[in-house]
Amino acid sequence: MSLQKVTFQNKEGQTLVGRLELPANSRPHNFAIFAHCFTCNKNLIAVKNIGKALTSNGFGVLRFDFTGLGESEGDFADTNFSGNVEDLVAAASYLEKHYEAPTLLIGHSLGGAAVIFAAEQIKSVSALATIGAPSDPTHVQHLLRSGLEEIEAKGKATVNLSGRDFTIKKQFLDDLKTKSLPETVKRLRKPLLIMHSPQDDTVGIKNAEQIYVAAHHPKSFVSLDGADHLLMNKADSQYAGKVIAGWAQRYLNVPETTPLKSKHHVVASLDGEDVFTTPMKVGNHYMTADEPIEVGGNDFGPSPYELVSAGLSACTAMTVQMYVRRKGWPLENIEVHTSYSKSHAADCEACESPDSKIDTFNRDIKLTGDLTEEQIKRILEIADKCPVHRTLHSDTQILTQLIP
């Protein structure tokens, strides 16, 4: 993954700060914008996880702080829901000018309502997804109930939200009342994915039903059963990201991938803040490598040695099946189980001491089919001749050069 800090101006000329994430090859097939929840920011862990899932599937993702939040300029007390929508339009204009116009909008909570309104103004958008979104922007008032009377009486009040104090002015509430989300959804006529947890205590599941009923087809609903409103469980946000990535590609123009012209068919990209989680483009496919949790990774994907073992298993299975097909033998299935370890060398002339260890791949093969003993013996011989097996046994060289 390639992560870049970006800045752009909102309608009032204030600087908004975001992060643009690109897939490992830095050539996304589509760009998406993520709108965070009320008083949240672009660095919420759920936002990051959903972004990673999308970049792993070839998307470029822009997540940014709304005016007055996070790193962005402006006073939150002077903002309102309409301003959030305008910020999304500004973000889309930035992408269109410097990269490509966004085709996908994703919004969490009140950000979900914002992307629905913004989609009317951003003509390039072909699909949008909401997560835990309210069916009416005024729903946010229940979060402000401790200060509603003071806001109405004095024009503003300080309200504590998630442990932080925010000044809310009456103009914020007045602006919410001017927005009818059901009417906007009905006019939208763009593919919509609605994701919501039945256990959401902040924005009840009834909101998802109301949005779904108001929307025209194509529309989809996916239950985030067991998740909380902020998707604090890593598995919930990862799942949401994968579903959005798969769903959206049905409605977006995703060009067929062509073989890489470069001599390098595998690209791995790792940012400093991601520890071990490494997005990759492997041939024409996107995937992620990682390390297990017990050694400090996130376990979002196989480890490097698991990938090497996977190559040996796959090559063995392919080579054997190709051989038996040519022979016409009745092999119904082959399973190849491979694991890697460093083992003590039983007989190694190159070993410097009796305690020396060598790289060891343990490969177990299961064959299903009405095979003779002679055929099985020959299949095991062929397994040792698969190209990856031979590469691991041969002298190899790795030539490294710096790309300018």
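These numbers were taken from a predicted model, which means no experiment stands behind them.
- The ring-ring contact (aromatic ring centres under 6.0 Å, His included) search around Phe221 returns none, not counting sequence neighbours.
- Taking the ring axis of Phe64 as reference, the NZ or CZ atom of Lys42 does not stay both within 45° of it and closer than 6.0 Å to the ring centre.
- Using modelled atom types, one finds a donor on one side chain and an acceptor on the other under 3.5 Å when comparing Thr338 with Ser313.
- Among residue pairs with one or both ends in residues 33-71, those qualifying as disulfide bond (SG atoms under 2.5 Å apart) are Cys37-Cys40; sequence neighbours excluded.
- Across all their heavy atoms, Pro387 and Cys315 have their closest contact at CD-SG, 3.3 Å.
- A 6.0 Å sphere centred on CD of Glu381 holds more than 12 heavy atoms belonging to other residues, nucleotides or ligands.
- With hydrogens and angles left out, the side-chain atoms of Thr288 and Ser56 include a donor and acceptor closer than 3.5 Å.
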Do Gln199 and Asp225 pass the side-chain hydrogen bond (donor to acceptor under 3.5 Å, both in side chains) test, and can you show the C-alpha distance, the side-chain angles, and the key distance before you say yes or no? CA-CA 7 Å; Gln199 293 82 23; Asp225 189 37; 2.9 Å; yes
In sequence, state the C-alpha distance, the side-chain angles, and the governing distance for Lys234 and Asn298, and then conclude on side-chain contact (heavy atoms from CB on, under 4.5 Å). CA-CA 10 Å; Lys234 179 175 65 177; Asn298 289 307; 4.2 Å; yes
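- With contacts defined as side-chain heavy-atom distances shorter than 4.5 Å, the pair Val308/Glu306 does not qualify.
- Ion pairing between Arg363 and Asp384 holds under the 4.0 Å rule for side-chain N and carboxylate O.
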Go through it in stages, so that I can follow the logic: the residues are Glu71 and Lys5, the test is salt bridge (Lys or Arg N to Asp or Glu O under 4.0 Å), and I'd like the CA-CA distance, side-chain angles, deciding distance and then a yes or no. CA-CA 11 Å; Glu71 298 179 89; Lys5 180 177 180 178; 3.7 Å; yes
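- Relative ring orientation between Phe59 and His29 is described as perpendicular, the plane-to-plane angle rising above 60° on a 0-90° scale split at 30° and 60°.
- Here the NZ-CG distance, from Lys11 to Leu16, works out to 13.5 Å after rounding to the nearest 0.5 Å.
- At a threshold of 4.5 Å between non-hydrogen side-chain atoms, the residues Thr278 and Ser269 do not count as touching.
- If you check the side chains of Asn49 and Ser237, you find a donor sitting under 3.5 Å from an acceptor.
- His337 and Glu335 share a side-chain donor-acceptor pair at under 3.5 Å.
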Please evaluate residues Thr368 and Asn333 with respect to the criterion side-chain hydrogen bond (donor to acceptor under 3.5 Å, both in side chains), reporting the C-alpha separation (whole Å), side-chain torsions for both, the decisive distance (0.1 Å), and the verdict. CA-CA 5 Å; Thr368 302; Asn333 179 267; 4.6 Å; no
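- Between the OG1 atom in Thr316 and the CD1 atom in Ile379 there is a gap of 12.5 Å [rounded to 0.5 Å].
- Among all heavy-atom pairs drawn from Ile151 and Ala157, the shortest one is CG1-CB, 3.5 Å.
- A heavy-atom distance below 4.5 Å is found between the side chains of Leu181 and Ile116.
- Leu3 CG to Thr55 OG1: the interatomic distance, rounded to the nearest 0.5 Å, is 9.5 Å.
- Not counting sequence neighbours, the partners of Gln9 by the side-chain hydrogen bond (donor to acceptor under 3.5 Å, both in side chains) test are Thr15.
- Side-chain contact between Thr130 and Val115: present, with at least one pair of heavy atoms (C-beta onward) separated by less than 4.5 Å.
- Residue-environment remark: CD (Gln4) exceeds the threshold of 12 foreign heavy atoms within 6.0 Å.
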The test is side-chain contact (heavy atoms from CB on, under 4.5 Å); show your working for Asp136 and Leu176 and say whether it passes. CA-CA 8 Å; Asp136 189 333; Leu176 291 176; over 6 Å; no
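- Side-chain atoms of Phe76 and Ile168, non-hydrogen and from C-beta on, do get closer than 4.5 Å to each other.
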List the steps and the verdict of side-chain hydrogen bond (donor to acceptor under 3.5 Å, both in side chains) for Glu86 and Asn10. CA-CA 7 Å; Glu86 291 170 357; Asn10 67 6; over 6 Å; no
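- Counted within 6.0 Å of NZ on Lys242, heavy atoms from surrounding residues, nucleotides or ligands total 12 or fewer; the atom is thus considered open.
- In summary, Glu149 and Lys154 do not engage in a salt bridge, as defined by a charged side-chain N under 4.0 Å from a carboxylate O.
- Partner of Glu120 under the salt bridge (Lys or Arg N to Asp or Glu O under 4.0 Å) criterion, chosen from Arg187, Lys186, Lys179: Arg187.
- Note: Gln14 CD to Thr79 OG1 = 9.5 Å, rounded to the nearest 0.5 Å.
- Using a 4.5 Å cut-off on side-chain heavy atoms (C-beta onward), Arg164 and Thr39 make contact.
- Taking CD of Gln238 as the reference point, atom NZ of Lys52 lies at 10.5 Å (rounded to 0.5 Å).
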May I have the step-by-step check of side-chain hydrogen bond (donor to acceptor under 3.5 Å, both in side chains) for Asp65 and Asn41, ending in yes or no? CA-CA 5 Å; Asp65 294 323; Asn41 61 58; 5.3 Å; no
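- Enclosure of atom CD in Glu96 is not indicated, since only 12 or fewer non-hydrogen atoms of other residues, nucleotides or ligands lie within 6.0 angstrom.
- Taking every heavy atom of both residues into account, Phe276 and Val295 meet most closely at CE1-O, 3.5 Å.
- In this structure, the side chains of Asn80 and Lys169 stay at 4.5 Å or more apart for every pair of heavy atoms.
- The main-chain N or O of Asp290 is never found under 3.5 Å from a side-chain atom of Thr277 such that the two would form a donor-acceptor pair.
- Counting heavy atoms from C-beta on, the side chains of Val125 and Thr103 never come closer than 4.5 Å.
- With values rounded to the nearest 0.5 angstrom, Met195 atom CE is found 5.5 Å from Ile244 atom CD1.
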Quick one: do His229 and Val203 satisfy side-chain contact (heavy atoms from CB on, under 4.5 Å)? Show the steps, please. CA-CA 7 Å; His229 181 66; Val203 180; 3.5 Å; yes
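- Scanning both residues, Tyr323 and Arg378, for their nearest heavy atoms gives OH-NE, 3.2 Å.
- Considering all non-hydrogen atoms of both residues, Ile211 and Pro134 come closest at CD1-O, 3.7 Å.
- The aromatic rings of Phe172 and Phe38 lie tilted to each other, with the angle between the two planes from 30° to 60°.
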CA sep, side-chain torsions, deciding dist, call: Asp228, Asn233, side-chain contact (heavy atoms from CB on, under 4.5 Å): CA-CA 8 Å; Asp228 59 30; Asn233 186 323; 5.9 Å; no
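- Classification of the Tyr94-His98 ring pair by plane angle, with boundaries at 30° and 60°, yields tilted.
- The existence of a salt bridge linking Glu21 and Lys48 is excluded, since no basic side-chain nitrogen approaches an acidic carboxylate oxygen closer than 4.0 Å.
- In Asp201, the CG atom is not crowded: 12 or fewer heavy atoms of neighbouring residues, nucleotides or ligands sit closer than 6.0 Å.
- The aromatic rings of Trp247 and Tyr251 sit tilted relative to each other, their planes meeting at an angle between 30° and 60°.
- What you find for Leu307 and Pro302 is that their closest heavy atoms are CD2-CG, 3.5 Å.
- A tilted orientation is assigned to the rings of Tyr99 and Phe31, their planes being inclined by 30° to 60°.
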